[in-house]
Structures are given as structure tokens and as C-alpha cells.
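Everything on this sheet refers to the single structure shown next.
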Amino acid sequence: MRVLVTGGAGFIGSQIVAALTARGHEAVVYDLREGSDVRDPVKLARALTGIDAVCHQAAMVGLGKGFADAVEYVSRNDLGTAVLLTAMAEAGVRRLVLAGSMVVYGEGRYACERHGVVRPGPRAVADLDAGRFEPRCPVCGADLRPGLVAEDAPVDPRNVYATTKLAQEHLAAAWARSTGCTAVSLRYHNVYGPGMPRDTPYAGVASFFRSSLARGESPTVFEDGGQRRDFVHVRDVAAANVLALEGDLAGGALHAFNTGSGDPHTVGEMARALAAAYGGPEPVVTGEYRLGDVRHITADSARLRAELGWKPEVPFAEGMVEFAGANLRQD
């Protein structure tokens, strides 16, 4: 299979290129770092010649620095995806694997002892300022028990980035319905591993912690460090992309798959594990918060395991030790 990998020179994209090559496929890198923008229909048309499938990783990622980033997020993520899908339709390329995200869910799955599964609304600024970080039952105000979110959970994007990731899925679904082609969205959870970008406003929390340790500084943990996340290794994510490209999936619809390790940890636990593997210094919990962050979001990846035979291979402890000694990239 000849696969065009947009963002193929990036953190996740470069690992997908390596995984495709190891499986005997031909990976063609299409990346902004090399002057190739997915918003350029002329370059895309040339690049799609002879291509069997597209693995769309190119995106502006992360929470960003404020709403001022909205135009750039929408342009890169949503306009870029629309231009790409139009070019694919014209070129007759019939399979897309999209880098989706767990951020489309907003908060994760919660249960109240009295009212069962509930959907808490956005956390109030007054609560966050007072250090009350846990969402409460919207019916009775009681404590909630976080659980794993499945693909059929309602979507509720809480920031600009999340909104653009959901829009990408809607565009892919519309393309699949109108063309009869196959579209897959792998809803990544917190991807980490060698080659993460360092010190950018859009890098993941693992990268920020690792960059701090490299400077001899303590990782700074927001809120109380109790936020639950699913940290999944980049090589496992790359393997999921290869399986999604190879899988026997019906056309005419979007197939969404959570892509997480299934082994949730708190942000504080991750910071401590990484600091211990690196050799210190210890993390510092600040109590600060970012409006738009969610408290708990962890994956149920049973569908990806069942339908495509995927399973994560890198355990959390082993991955943290490797990441502590890995090089970061300057993007």
C-alpha cells in the first residue's frame, strides 16, 4: 500500500512512517516542515498521484494560549481537512485514517451513587479558584466516580482545539457518506514518547514535565495533580494507525476508535514517575488551572482491540523510563 502521511515529519507522524515501512508499505511524507501545506490544493493533487490511502496527522494541537488562536486552529485543522478530502475525492483515494482526539468528549464518564451516569457541565471559575476541582453531580451536587468513556458517549468539546477535532470528524464522515469511501478516526488519548516537541505552548503535559527536568527544574503540576488521564506510547499509536489502514472496514461511514492504553494514571503520578526515572527534582503541585481543561478523561479502547486486533505493548512504567532518557525535538 502507498500511504500519504500528512504531518509525516512530526512526532506521531514520523513513528507512523516507520511502522508502515516496517510492515512493507510505502510511506510518502507530506509535511509543513518541508513546505507542503494541506491547505494547498495544487500540491495535494500532485502528492496524491498513485496514493492508496491517507493517514492525516497534520494539525495544530494542544489547548493553545487563548481564543485568539481560534482562526489559526480552524484554518489548519478544519479548512486543511476539507481541502485534503476534496483532493482525495478528485484523485479517487478511498481510505482515510484521521488523527482524532479524546478531547471531543469534554469531561469523561462519571457516575453518581444516587443518579447513575451523569454529564457534569463545565467547571465553574469560582470552584476552580477555591481549589474545588472535582465535578459534582448536576442533579444533587454529590461526589462523582470517574470511569472509562466509550465511543458512543455524547461529544461535548470544551475548547477551540476540541471543537476543531470534532469538526474534522464531521467532515470525514460527510466525505465517506458522499463517496462510499472508508474513514477512520483514532481518538488519541495522551500520547507521549521519544521525539515529543519541547517547550511549545501546544506540547502535551508529558513534554512540559520532561523539558522542565532537562533544565534542572521541578515539573509544575496544575490543580492538585489528581486529574486522571490515559498515557499511551507513541509506538502503540503508530501501530493502531497501521492496523486502521489495513483493516477490513466498511465504506460510507466514519469508524471512531478510542486509542488509549487502558491503564489510567493521574497527572501527578505521571510527573512523579517521570521525575524518579530522570533522577529528580520532585514535581511541585501549584493549584493553578487552565480554563477549558477537563478533570478526568480516560479511554475504553475495547472496540479497537476487538475490531482491529490492536493492543498496547508499552507499559506505563517502562514507557516513563524510556521517555526520561529520550531526546525531545525543537519544533
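Other residues, nucleotides and ligands contribute at most 12 non-hydrogen atoms within 6.0 Å of the CD atom of E113. The environment of CG in N327 is sparse: at most 12 heavy-atom neighbours from other residues, nucleotides or ligands sit within 6.0 Å. Within a 6.0 Å sphere centred on CZ of R114, heavy atoms belonging to other residues, nucleotides or ligands number 12 at most. Within 6.0 Å of atom CZ in R119, more than 12 heavy atoms from other residues, nucleotides or ligands are found, so the atom counts as buried in its surroundings.
At a threshold of 4.5 Å between non-hydrogen side-chain atoms, the residues L304 and L186 count as touching. Between N77 and Y161, some side-chain heavy-atom pair lies under the 4.5 Å cut-off. By the 4.5 Å heavy-atom criterion applied to side chains, M320 and H265 are not counted as neighbours. The shortest side-chain heavy-atom distance between L249 and R95 falls under the 4.5 Å cut-off. Within the 4.5 Å cutoff, the side chain of C55 has no heavy atoms near those of the L98 side chain. A heavy-atom distance below 4.5 Å is found between the side chains of M88 and L48. Side-chain contact between P197 and F11: present, with at least one pair of heavy atoms (C-beta onward) separated by less than 4.5 Å. A 4.5 Å side-chain heavy-atom check between D31 and S36 finds every atom pair outside the cut-off.
No donor-acceptor distance shorter than 3.5 angstrom exists from the side chain of T259 to the backbone of V237, with no hydrogens or angles considered. In this structure a side-chain-to-backbone donor-acceptor pair under 3.5 Å is present from R123 to D293. Side chain of R2 to main chain of T49: a donor-acceptor pair is present (N/O by atom type, distance under 3.5 Å, no hydrogens or angles). For the pair Q227 (side chain) and G225 (backbone), a donor-acceptor distance under 3.5 Å is present. Although no hydrogens or angles enter the test, the distance criterion places no donor-acceptor pair under 3.5 Å between the side chain of E72 and the main chain of D69. Remark: side-chain polar atoms of S212 are not paired, donor with acceptor, to backbone N or O of E217 under 3.5 angstrom. Not one N or O on the side chain of R235 forms a donor-acceptor pair closer than 3.5 Å with the backbone of E313.
For the residue pair D129 / Y289, a side-chain donor-acceptor distance below 3.5 Å is found, with atom types taken as modelled. Side-chain N/O atoms of Y188 and N241 include a donor and acceptor closer than 3.5 Å. Counted by atom type alone, S261 and D230 present one or more donor-acceptor pairs between their side chains at under 3.5 Å. For the residue pair Y105 / N258, a side-chain donor-acceptor distance below 3.5 Å is found, with atom types taken as modelled. Between T81 and H56, the side chains place a donor N or O and an acceptor N or O closer than 3.5 Å (distance only, hydrogens not considered).
When every heavy atom of G100 is checked against every heavy atom of S185, the shortest pair comes out as CA-OG, 3.5 Å. Pairing each heavy atom of A172 with each of L96, the nearest pair is CB-CD2, 3.8 Å. Minimum heavy-atom separation, C137 to V118: SG-CG1, 4.3 Å. Here the shortest heavy-atom pairing between K165 and A99 reads NZ-O, 2.6 Å. Contact between V314 and D236 at its shortest, heavy atoms only, is N-OD2, 3.1 Å. Taking each heavy atom of T21 and A27 in turn, the nearest pair found is OG1-CB, 4.4 Å.
Criterion: ILVMFWY side-chain heavy atoms under 4.5 Å apart, direct or through other members. Under it, L20 and L4 are not part of a common hydrophobic cluster. At a threshold of 4.5 Å between side-chain heavy atoms, the hydrophobic network of Ile, Leu, Val, Met, Phe, Trp and Tyr places V74 and W175 in two separate groups. Both M102 and V294 are members of a single hydrophobic cluster when ILVMFWY side chains are connected at heavy-atom separations under 4.5 Å. Both V83 and V93 belong to a single network of hydrophobic side chains, linked directly or stepwise wherever heavy atoms of I, L, V, M, F, W or Y lie under 4.5 Å apart. L79 and M60 are not part of a single hydrophobic cluster, where members link through side-chain heavy atoms under 4.5 Å apart.
Ionic pairing of E107 and R295 is not present here: no N-O contact between side-chain nitrogen and carboxylate oxygen is shorter than 4.0 angstrom.
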task: Decide yes or no on side chain to side chain contact (heavy atoms under 4.5 Å, CB included) for N159 and R290, but give the supporting numbers first.
output: CA-CA 11 Å; N159 54 60; R290 296 190 306 177; over 6 Å; no
message: V54 vs Y30, test: side chain to side chain contact (heavy atoms under 4.5 Å, CB included). Steps then yes/no.
response: CA-CA 10 Å; V54 172; Y30 189 92; over 6 Å; no
field: Evaluation steps, side chain to side chain contact (heavy atoms under 4.5 Å, CB included), between F323 and M196
entry: CA-CA 9 Å; F323 186 47; M196 285 192 83; 3.6 Å; yes
- prompt: E151 and R187: side chain to side chain contact (heavy atoms under 4.5 Å, CB included), yes or no, with the steps?
  reply: CA-CA 9 Å; E151 291 88 350; R187 291 174 175 170; 4.3 Å; yes
- request: Test E307 against H255 for side chain to side chain donor-acceptor pair (under 3.5 Å), laying out the working first.
  value: CA-CA 10 Å; E307 294 191 22; H255 303 266; 5.0 Å; no
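Taking SG of C112 as the start and CZ of R136 as the end, the distance is 11.0 Å to the nearest 0.5 Å. Distance check, rounded to the nearest 0.5 Å: CZ of R329 to OG of S14 gives 5.5 Å. Expressed to the nearest 0.5 Å, how far CG of L274 lies from OG of S207 amounts to 10.0 Å. Atom OG1 of T182 is separated from atom CZ of R94 by 7.5 Å, given to the nearest 0.5 angstrom. The CZ atom of R215 lies 9.0 Å from the CZ atom of R198; values are rounded to the nearest 0.5 Å. With values rounded to the nearest 0.5 angstrom, D40 atom CG is found 12.0 Å from L84 atom CG.
Aromatic rings from Y192 and H233 are positioned such that their centres are separated by under 6.0 Å.
For the side-chain hydrogen bond (donor to acceptor under 3.5 Å, both in side chains) with H296, the qualifying choice from R229, R228, E134, R145 is E134, the only one to do so. Checking D143, D127, D224 one by one against R132, the salt bridge (charged side-chain N to carboxylate O under 4.0 Å, His left out) holds for a single residue, D127.
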